[in-house]
Amino acid sequence: MNVCEYTLPGMFIKEHRVKVPLDWSQPQDGRTLDLFVREVVDPRKRHKSLPKLAFLQGGTGGKGPRPQGGGPVWLAEALKTHRVILMDQRGTGHSSRVESATLASMDGQAGAAYLWHFRADSIVRDCEFLRTELFGGDRWETLGQSYGGFLTVSAPWRTS
């Protein structure tokens, strides 16, 4: 896992790059993807234990919101009480992306099999991995926009 830390006005940011299995049903096969995750917190509270809020963006296909320029309008309010988690879902942004060059080397069946691993159930497993392995298994709240709302109601953390 790689970590980069920096400060923007009103925000301390820790960026994580984490490896996850391409296929959660066969994690031992060795094929992996990189997930890019930003952890954003008020710099005055960076050493405090705060509740976590994971934002799940709409899409599919869109990267997580960027905090530059203050970020989305809700971020400043959320940082008053939470540590905010902004993930680029698999296949988007700074996470391992699905690009035409990747698919060009595959026939139709292999391409479809590869794309199968970018569905909602895999993104939910990625989130659960982040919640348990990167953030210590603490409960978190989610804020889902459109497709992110679908991910939220599909997720195991709703009852844990």
Side-chain angles (χ1 to χ4, degrees), residues 1-27 29-43 45-46 50-76 78-79 82-103 105 111 114-152 154-157:
M1 176 176 61
N2 296 330
V3 177
C4 173
E5 299 178 350
Y6 57 94
T7 303
L8 293 175
M11 294 179 258
F12 173 77
I13 301 180
K14 186 186 275 188
E15 295 180 347
H16 306 269
R17 292 188 186 276
V18 180
K19 293 237 180 258
V20 296
L22 171 66
D23 184 350
W24 278 106
S25 69
Q26 297 181 353
D29 78 1
R31 296 179 301 163
T32 62
L33 296 172
D34 290 324
L35 286 184
F36 178 79
V37 182
R38 278 192 179 94
E39 180 181 348
V40 185
V41 66
D42 181 318
K45 299 176 183 177
R46 71 182 270 203
L50 297 170
K52 292 168 188 69
L53 175 65
F55 178 74
L56 301 170
Q57 75 272 11
T60 59
K63 63 187 178 197
R66 302 313 195 223
Q68 291 81 359
V73 295
W74 55 265
L75 184 59
L79 290 177
H82 288 77
R83 186 175 300 273
V84 177
I85 312 305
L86 305 172
M87 175 181 71
D88 286 357
Q89 297 166 8
R90 58 174 52 209
T92 70
H94 292 302
S95 291
S96 293
R97 298 176 59 154
V98 175
E99 297 180 329
S100 58
T102 306
L103 297 173
S105 65
Y114 180 73
L115 290 174
W116 181 263
H117 302 297
F118 293 82
R119 300 176 331 157
D121 57 329
S122 293
I123 296 168
V124 167
R125 293 288 303 268
D126 293 343
C127 290
E128 185 60 6
F129 176 82
L130 294 173
R131 188 186 72 78
T132 57
E133 299 299 319
L134 190 60
F135 298 108
D138 295 339
R139 289 184 61 128
W140 65 10
E141 299 169 55
T142 59
L143 173 59
Q145 172 196 359
S146 188
Y147 180 71
F150 172 74
L151 294 173
T152 292
S154 303
W157 58 76

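Predicted model only: the values in this text are computed from it and were never measured.
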Subject >> Distance-minimising heavy-atom pair for L53 and T142 >> reply: CD1-C, 3.9 Å
Subject >> Interatomic spacing from CZ in R31 to OH in Y114 - rounded to 0.5 Å >> reply: 9.0 Å
Original post:
Are any side-chain N or O atoms of R131 and backbone N or O atoms of G137, one a donor and one an acceptor, separated by less than 3.5 Å?
Top reply: yes
Original post:
Closest approach of W24 and P27, non-hydrogen atoms and distance?
Top reply: O-CD, 3.3 Å
Subject >> Student check: side-chain heavy atoms of L35 and F129 closer than 4.5 Å >> reply: no
Original post:
Hey, is the main chain of R46 close enough, under 3.5 Å, to the side chain of R83 for a donor-acceptor pair?
Top reply: yes
Distance-only criterion, 3.5 Å: show the donor-acceptor pairs between side-chain atoms of residues 93-101 and protein atoms not counting sequence neighbours.
from: S95; atom 1: OG; to: F36; atom 2: N; distance (Å): 2.8
from: S95; atom 1: OG; to: D88; atom 2: O; distance (Å): 2.4
from: S96; atom 1: OG; to: D34; atom 2: N; distance (Å): 2.8

**OP:** Drop me the distance from E128's CD to E133's CD, to the nearest 0.5 angstrom.
**Re:** 9.5 Å
**OP:** For I13 and P67, work out which heavy atoms get closest and say how close.
**Re:** CD1-CG, 3.4 Å
Subject >> From OH (Y6) to CD (E15), nearest 0.5 Å >> reply: 3.5 Å
Subject >> Between CD on residue E39 and CE on residue M11, distance to nearest 0.5 Å >> reply: 14.0 Å
**OP:** Assess whether side chain to side chain contact (heavy atoms under 4.5 Å, CB included) is satisfied between Q57 and T92, documenting all intermediate values.
**Re:** CA-CA 11 Å; Q57 75 272 11; T92 70; 4.2 Å; yes
Original post:
Which heavy atom of R90 sits nearest a heavy atom of D126, and at what distance?
Top reply: NE-OD2, 2.7 Å
Original post:
Mind checking whether W140 and C127 have side chains closer than 4.5 Å, heavy atoms only?
Top reply: yes
**OP:** Working to the nearest 0.5 Å, report the span between NZ of K52 and CD of E141.
**Re:** 11.0 Å
Original post:
What are the two closest heavy atoms between I123 and F118, and how far apart are they?
Top reply: CD1-O, 4.0 Å
**OP:** Could you check if a side-chain atom of L33 sits within less than 4.5 angstrom of a side-chain atom of H117, using non-hydrogen atoms only?
**Re:** no
Subject >> Over 12 foreign heavy atoms within 6.0 Å of CH2, W116 >> reply: no
Original post:
Can you tell me how far CG of L50 sits from CG of D42, rounded to the nearest 0.5 angstrom?
Top reply: 8.5 Å
Original post:
Of all heavy-atom pairs between L56 and L151, which one has the smallest distance, and what is that distance?
Top reply: CD1-CB, 4.0 Å
Subject >> Derivation and outcome, side chain to side chain contact (heavy atoms under 4.5 Å, CB included), residues L115 and L103 >> reply: CA-CA 9 Å; L115 290 174; L103 297 173; 4.2 Å; yes
